[in-house]
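Report on the structure given below.
What's counted below: heavy atoms across the whole structure, side chains too, no hydrogens, waters or symmetry copies. Numbered from 1 within each chain, the chains take letters A, B, ... in sequence-line order. The shown structure was predicted, so the numbers you read here are calculated from the model rather than taken from an experiment.
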Amino acid sequence: MAKTSRGRVIAEALVSIVQNTPDPAFPFTARRARLPKVKKDELGSESVDVTIAALTKAGDEQDKGSELLLYGISIGVTANLKAADDEDAEPAESSMADAVEDLIEQIQNHVSDEANRILALNVEDGDLDFEAGLELPFVNDPIYNLELMRETSIYQSITIFTYLVEKQRA
Amino acid sequence: MPAGKKGKLYRNTGTNAAPVLVEIKEARDVDFPMAPDKIDDSDRGSDFKKYTEGLLDLAINTKLTYRNGNANCAAIRDALLAGTVTEYMALDGPSDVSGSAGVRFFGKVFTNNMNQPLTDGQTVDIEIAPAHHEEGGSVIEPTWYEVP
């Protein structure tokens with residue numbers, strides 16, 4: 001029986017995929033973590049944090065010999081808009097806010113690109129070897145957290161990507 | 001009442017006398033309708049319609065999870081293409097548990113419809129119906145089989 005969390009393995013695999021988003025509209029660092037950075041002192045000098053975590057899991061019978069596991073992987077983008085060097089616009093309407101929105105769109109396009117839809121995964125000790133397939137559509141609702149934006153000028157957007165894993169029964 | 005997922009579907013790669021059963025784990029819902037023709041036997045002797053049974057229609061219907069190179073998917077597809085007769089069993093439990101019961105018959109594959117929906121996995125719809133088969137000079141009829 002597998003000893004390693006498949007959800008965490010999927011999230012860790014997505015870190016390198018997300019970090020390799022071509023020509024990002026804003027520099028960022030992707031990491032696998034259970035908690036996003038949402039406070040200005042957490043974000044620090046890196047104004048955009050991309051946190052990837054497996055947040056949901058569901059199992060379903062596929063056939064008499066296997067099950068389908070559905071993992072909801074959250075890719076959260078958090079930006080401190082007050083770090084923007086734009087005195088002419090309020091943070092919510094700054095060029096940094098536009099760039100972060102563009103970055104989110106780029107990450108979504110890159111993760112859902114056909115070349116990245118099937119993840120071949122294994123764990124070093126060999127106890128887990130599986131494929132995870134992206135099931136479209138992904139969900140980005142709401143596009144950003146309105147209250148967080150209003151209260152703190154933090155732009156936070158969460159996109160949920162669902163990955164299917166086929167688990168064979170012994 | 002045993003759950004449907006406890007039922008087992010097998011194909012026999014051996015003989016009726018010495019079966020070598022391969023479980024078809026790729027099967028999803030399995031149905032095996034059994035219904036004779038309903039022949040009207042009515043006459044003036046009764047105000048009620050009367051019937052008698054005609055020939056018994058039997059089949060195994062299921063949907064398989066399709067996998068490229070999978071032995072069961074390939075064997076069933078090849079059986080359809082070649083018109084091969086194979087023995088199948090649809091039991092309410094494992095074939096190695098005494099008391100497991102279900103239909104057992106030699107049949108041909110009459111449907112192997114492949115499905116490739118845009119937003120779901122690939123599957124194959126299967127229908128198997130009885131066919132003539134002899135072994136040791138005797139015709140092997142479909143039967144309700146119970147594991148001894």
Side-chain angles (χ1 to χ4, degrees), chain A residues 1-2 6-7 9-10 13-14 54 56-75 108-122 128-141 159-170, chain B residues 2-11 21-32 60-77 88-97 100 102-103 112-128:
Chain A
M1 190 172 293
R6 288 181 180 84
V9 172
I10 296 170
L14 281 175
T56 65
K57 177 182 176 183
D60 195 12
E61 298 272 3
Q62 175 169 244
D63 55 34
K64 292 182 186 285
S66 66
E67 291 161 8
L68 272 185
L69 303 177
L70 287 79
Y71 288 91
I73 309 296
S74 158
I75 298 182
Q108 291 167 348
N109 290 342
H110 184 62
V111 170
S112 61
D113 185 84
E114 194 164 352
N116 295 325
R117 284 185 201 168
I118 304 292
L119 308 178
L121 304 166
N122 57 45
L128 205 58
D129 188 355
F130 65 101
E131 270 190 358
L134 176 63
E135 183 179 73
L136 294 173
F138 56 80
V139 178
N140 180 209
D141 181 13
T159 306
I160 306 290
F161 292 88
T162 301
Y163 284 86
L164 297 180
V165 175
E166 193 176 279
K167 177 187 161 203
Q168 297 291 332
R169 286 195 216 104
Chain B
K5 66 179 184 179
K6 298 293 186 184
K8 303 283 186 183
L9 180 63
Y10 299 94
R11 60 184 176 94
L21 297 178
V22 176
E23 187 183 351
I24 304 174
K25 291 185 176 182
E26 297 75 13
R28 298 188 177 189
D29 293 341
V30 176
D31 300 312
F32 41 98
I60 293 174
N61 299 313
T62 187
K63 184 186 290 287
L64 304 183
T65 304
Y66 174 75
R67 296 185 184 89
N68 182 279
N70 174 269
N72 282 323
C73 291
I76 291 171
R77 180 182 61 248
Y88 298 90
M89 277 192 216
L91 304 178
D92 59 16
S95 62
D96 57 356
V97 172
S100 292
V103 291
N112 190 89
N113 293 343
M114 294 197 61
N115 310 301
Q116 297 180 347
L118 191 63
T119 57
D120 206 342
Q122 296 186 36
T123 58
V124 189
D125 292 323
I126 302 292
E127 184 197 357
I128 302 164

Legend entry - Largest heavy-atom contact set with chain B, pairs under 4.5 Å, which of Glu135(A), Glu166(A), Gln62(A): Gln62(A)
Legend entry - side chain to side chain contact (heavy atoms under 4.5 Å, CB included) partners for Ala3(B), two or more places apart: Lys5(B), Lys6(B)
Compile the donor-acceptor pairs under 3.5 Å between side chains in residues 116-123 of chain B and protein atoms, sequence neighbours left out, one pair per line.
residue: Gln116(B); atom: NE2; partner: Gln122(B); partner atom: OE1; Å: 3.2
residue: Thr123(B); atom: OG1; partner: Asn115(B); partner atom: ND2; Å: 3.0

Inset, instruction - Sort by residue number and list every member of residues 65-75 of chain B having a non-hydrogen atom under 4.5 Å from chain A. - result: Thr65(B), Arg67(B)
Inset, instruction - Give a yes or no on whether the backbone of Ser66(A) and the side-chain of Lys25(B) come within a donor-acceptor separation of less than 3.5 Å. - result: no
Legend entry - Contacts of type side-chain hydrogen bond (donor to acceptor under 3.5 Å, both in side chains), residue Glu127(B), not counting sequence neighbours: Thr111(B)
